[in-house]
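Here's the structure, in structure tokens; my notes come after.
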Number of protein chains: 2
Amino acid sequence: MEVTNTEDKKLNPEKNLHLIFARARNQELACPVRDVIHRISDKWSLLSILALGSRGTLRFNELKKEIGDVSQRMLTVTLRNLETDGFVTRTLFPEVPPRVEYTLTDLGKGLLQQALLLADWANDALPEIVESRKKFTKK
Amino acid sequence: MEVTNTEDKKLNPEKNLHLIFARARNQELACPVRDVIHRISDKWSLLSILALGSRGTLRFNELKKEIGDVSQRMLTVTLRNLETDGFVTRTLFPEVPPRVEYTLTDLGKGLLQQALLLADWANDALPEIVESRKKFTKK
DNA sequence: CAGAATCCGAAAAGATACTG
DNA sequence: CAGTATCTTTTCGGATTCTG
């Protein structure tokens, strides 16, 4: 395998960059970073992951309420994608009226951890970002 | 302030979730997570950050070449956004022909670290994601 | 309740041609 | 070299209507 060991990655993650870029240019196999970023970058995926992470298991409408301003269609689309990628499980209880429960898989929980790290960083960095934006809007 | 201390965040990042969601629903002030995700989620921002992170300082066309398949227009747009947010600096040398150098700011290096963590995770998680996708394309 | 299906407008991104 | 300007294509996401 071309992958360095975990020790190396933690100490020197830059070493993986050429691999990342190699894959990024490869049209046949998707670049993992692009791929994952693209999946979580839509308007609702991360929010869904965060909601499920904080609340555990949620029904469709509970999740919709938790997120707040997502449309029915987009929540459905988002959940289908997350399910396809293995981040959430969808359990249908064949009752009348039907009940559907969503919960994070282990893979989804891993993504949640990444999202939380990113969220924390974003929270801390925001003032600086806002400050920088002000400079450029003035110009 | 409503922000928990650093110790808490590291130990229990979930505690920040309600704050994140509170901001996410607030239309007047942007949610930091959404905001940052939205900025880095476009097709080229992260790749630009990673390229500058691995190579240090790059000229426009060097960066374009490094990324590979980005159009001139999109790289320009991307770099303007990254500059506005304070992630990269743009230095114009008034020569003929003109020379422009891009490099990461400290804030940009912080984002790079986050990106590298995410990239590593994505690399590791990819096989599982691909496997999951196969199941659903068959159905 | 939890969706599927359709339609439409807005936004993102690519191709191309031109310029200081 | 490092863009800008313009046009076209593609993708995203919301509103609405219908259903097991």
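It should be emphasised that the depicted structure is a prediction, and the values quoted were computed from it without experimental measurement. Below, read A as the first sequence line, B as the second, and so on, with proteins coming before strands; counting in each chain starts at 1.
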Contact state string [nucleotides 6-20 of chain D, B base, S sugar-phosphate only, - no protein heavy atom under 4.0 Å]:
B-----SBBB----B
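Take A:Glu128 and apply the side chain to side chain contact (heavy atoms under 4.5 Å, CB included) test, not counting sequence neighbours, and it matches B:Leu107. Under the side-chain hydrogen bond (donor to acceptor under 3.5 Å, both in side chains) criterion, B:Ser45 pairs with B:Asp42, not counting sequence neighbours.
Atom CZ in B:Phe60 sits about 12 Å away from atom P in D:dC1, given to the nearest Å. One atom, CG of A:Leu79, and another, P of C:dA2, lie 11 Å apart when rounded to the nearest Å. When the C1' atom of D:dA2 is taken as reference, atom NZ of B:Lys65 falls 16 Å away, rounded to whole Å. Following rounding to the nearest Å, B:Leu58 (CG) and D:dA2 (C1') show an atom-to-atom distance of 15 Å. Put simply, CG on B:Leu75 is 14 Å from C1' on D:dT4, counting in whole angstrom units. One interatomic measurement links the two molecules: CD of B:Glu101 to C1' of D:dA2, which rounds to 13 Å at whole-angstrom precision. Rounded to a whole Å, the CG atom of A:Asn61 is 6 Å from the C1' atom of C:dC1. Atom CG in B:Leu47 sits roughly 15 Å away from atom C1' in C:dA13 (whole-Å rounding).
Counting only distance, with no hydrogens or angles, the side chain of A:Ser41 and the backbone of A:His38 share a donor-acceptor pair below 3.5 Å. A donor-acceptor pair is defined here as one N or O able to donate and one able to accept, closer than 3.5 Å; no such pair exists between the side chain of A:Thr105 and the backbone of A:Thr89.
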Check step by step if side chain to side chain contact (heavy atoms under 4.5 Å, CB included) holds for A:Leu52 and A:Phe87.
CA-CA 11 Å; A:Leu52 288 173; A:Phe87 294 128; over 6 Å; no
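Across all strands shown, A:Phe93 has no heavy atoms under 4.0 Å from either base or sugar-phosphate atoms.
Remark: B:Tyr102 is not in phosphate contact with D:dC1, judged by side-chain N or O atoms under 4.0 Å from OP1 or OP2.
A:Arg99 and A:Glu101 are joined by a salt bridge, as a carboxylate oxygen and a charged side-chain nitrogen come within less than 4.0 angstrom of each other.
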